[in-house]
Visitor: 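The structure follows.
First the proteins, then the strands, lettered A, B, ... as listed; each starts at 1.
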There are 2 protein chains.
Amino acid sequence: MFSKACEYGIKATLFIAQKSLHQQRVSLKEIASEIDSPIAFTAKILQSLARSGMVDSHKGPTGGFEMDRTKMDTITLYEIVHAIDGDQIFHGCGLGLKQCDANHPCPVHEKFVVIRENLTQMLQNTTVYELASGLDIGLTLLKR
Amino acid sequence: MFSKACEYGIKATLFIAQKSLHQQRVSLKEIASEIDSPIAFTAKILQSLARSGMVDSHKGPTGGFEMDRTKMDTITLYEIVHAIDGDQIFHGCGLGLKQCDANHPCPVHEKFVVIRENLTQMLQNTTVYELASGLDIGLTLLKR
DNA sequence: TCTATTTCGGACAAAAATATCCTAATTAAA
DNA sequence: TTTAATTAGGATATTTTTGTCCGAAATAGA
Ligand code: FES
Ligand code: FES
């Protein structure tokens with residue numbers, strides 16, 4: 001469904017958010033360990049998320065990643081997925097036609113758009129804060 | 001969402017089915033042309049679908065691929081996707097945890113299973129015949 | 001200022017997915 | 001029986017995704 005990069009990106013963001021709820025900055029090393037991801041690859045993804053302003057990064061000793069409390073409410077899974085995987089999953093044809101066009105539909109168009117729309121709505125309605133909270137109270141897990 | 005192999009496999013199957021509605025066998029060359037796919041790669045996928053009994057293949061002059069009318073009713077998109085892409089999309093964790101387990105859920109589990117279930121139901125409820133019919137009356141398209 | 005620690009970013013490497021090439025096997029028809 | 005057409009299948013190539021390595025830049029604290 002999502003690329004590995006996207007899975008890591010979501011998990012990293014949620015972990016950063018959860019720690020930021022307690023004013024704790026987390027290092028790349030800690031993140032990769034907690035979400036069970038390859039360090040250097042995770043670094044690339046975090047750099048990209050930092051550049052697009054979803055998380056804040058700081059260099060040097062005591063450096064690391066953190067996330068504004070207010071951003072946790074405005075940033076949804078949709079923004080993260082879109083930033084990393086693009087919009088193919090949101091607007092692309094399920095059978096790979098160059099253009100998904102209701103006027104020239106592929107055989108699965110009618111049924112596929114429903115699924116695609118469900119997914120889009122779900123991602124748009126799910127904030128980072130909501131998921132970070134579930135993590136924080138131990139309701140959900142980021143590995144195993 | 002689906003792999004390229006799976007997209008080609010679905011389109012090829014639907015084209016074969018549509019032609020079989022008129023007792024017409026179709027060659028690999030014709031299939032690849034009609035669904036706009038690389039010939040040799042499509043051949044691999046069709047070999048696999050033939051081995052798993054979803055379509056019938058015949059060598060030699062007048063050879064090609066065809067599909068039993070009765071199979072069009074029993075084979076759904078689910079079978080095709082499962083045969084080519086496996087069951088990761090139907091049972092795998094949305095965030096890539098090794099095991100999707102409701103008792104040890106990832107942060108998106110609750111919301112993701114709904115989407116996954118919708119997709120599974122849709123694919124299981126969609127027969128090859130239904131889609132081949134839409135193709136046959138010109139309601140839907142396999143390329144462009 | 002110096003040092004240790006951290007992210008940044010470019011180059012590189014490995015693995016997986018996608019795609020191609022070529023020969024063998026089969027088979028219908030001349 | 002010969003020929004031409006077709007799928008089968010193994011080997012190889014290309015592209016994309018995933019993952020690694022290493023030095024540069026920044027920075028907090030000694
Ligand atoms: S045209 Fe294929 S999903 Fe819309
Ligand atoms: S545990 Fe992640 S989707 Fe079920």
Visitor: Polar atoms only, N or O, under 3.5 Å: list the protein pairs with nucleotides 10-13 of chain C and their distances.
Guide:
| from | atom 1 | to | atom 2 | distance (Å) |
| --- | --- | --- | --- | --- |
| C/dG10 | N7 | A/Lys44 | NZ | 3.0 |
| C/dG10 | O6 | A/Lys44 | NZ | 2.5 |

Visitor: Can the ring centres of B/Phe90 and B/Tyr78 be said to be less than 6.0 Å apart?
Guide: yes

Visitor: How many whole angstroms separate atom CD of B/Gln47 from atom C1' of D/dA11?
Guide: 14 Å

Visitor: Does a salt bridge link B/Glu130 with A/Lys111, judged by any charged N lying under 4.0 Å from a carboxylate O?
Guide: yes

Visitor: Figure out the CZ/P separation between A/Phe65 and C/dT5, and round it to whole Å.
Guide: 18 Å

Visitor: Is the distance from OP1 or OP2 of D/dG9 to the nearest side-chain N or O of B/Arg51 less than 4.0 Å?
Guide: yes

Visitor: Take atom CD1 of B/Ile39 and atom C1' of D/dG9, then tell me their distance rounded to the nearest Å.
Guide: 17 Å

Visitor: Could you state the atom-to-atom distance from CD of A/Glu66 to P of C/dT6 in whole Å?
Guide: 15 Å

Visitor: Check every atom of D/dA8, C/dT18, D/dT6 against the side chain of B/Ser3 and return the nucleotide holding the closest atom.
Guide: C/dT18

Visitor: Over how many whole Å does the gap from A/Phe2 atom CZ to D/dT18 atom P extend?
Guide: 13 Å

Visitor: Of the options C/dT18, C/dC8, D/dT20, whose atoms approach the side-chain atoms of A/Ser57 most closely?
Guide: C/dC8

Visitor: Using the ring of A/Tyr129 (Phe, Tyr or Trp, six-membered ring only), decide whether A/Arg69 places NZ or CZ under 6.0 Å from its centre and within 45 degrees of its axis.
Guide: yes

Visitor: Without hydrogens or angle criteria, can the side chains of A/Asp136 and A/His22 be said to hold a donor-acceptor pair below 3.5 Å?
Guide: yes

Visitor: Would you say B/Leu95 and B/Pro107 make side-chain contact, with heavy atoms under 4.5 Å?
Guide: yes

Visitor: Is there a side-chain contact between A/Val128 and A/Ile80 (heavy atoms, below 4.5 Å)?
Guide: yes

Visitor: Polar atoms only, N or O, under 3.5 Å: list the protein pairs with nucleotides 25-30 of chain C and their distances.
Guide:
| from | atom 1 | to | atom 2 | distance (Å) |
| --- | --- | --- | --- | --- |
| C/dA28 | O4' | B/Pro61 | O | 3.4 |

Visitor: Sort and list the pairs that fulfil side-chain hydrogen bond (donor to acceptor under 3.5 Å, both in side chains) and have at least one residue in residues 34-45 of chain A, not counting sequence neighbours.
Guide: A/Asp36-B/Lys98, A/Ser37-A/Thr42

Visitor: Taking the side chain as everything from C-beta on, heavy atoms only, tell me whether A/Thr76 gets closer than 4.5 Å to A/Thr126.
Guide: no

Visitor: Report yes if at least one side-chain N or O of A/Tyr8 is closer than 4.0 Å to OP1 or OP2 of D/dT18; otherwise report no.
Guide: no

Visitor: Rounded to the Å, how far apart are A/Phe41 CZ and D/dC22 P?
Guide: 19 Å

Visitor: How close or far is atom C1' of D/dA8 from atom CG of B/Asp56, stated in whole angstroms?
Guide: 16 Å

Visitor: For A/Glu30 and C/dT5, what is the distance between atoms CD and P respectively, to the nearest whole Å?
Guide: 16 Å

Visitor: Determine, stepwise, if the pair B/His58 / B/Glu66 fulfils side chain to side chain donor-acceptor pair (under 3.5 Å).
Guide: CA-CA 8 Å; B/His58 299 271; B/Glu66 63 189 9; 3.1 Å; yes

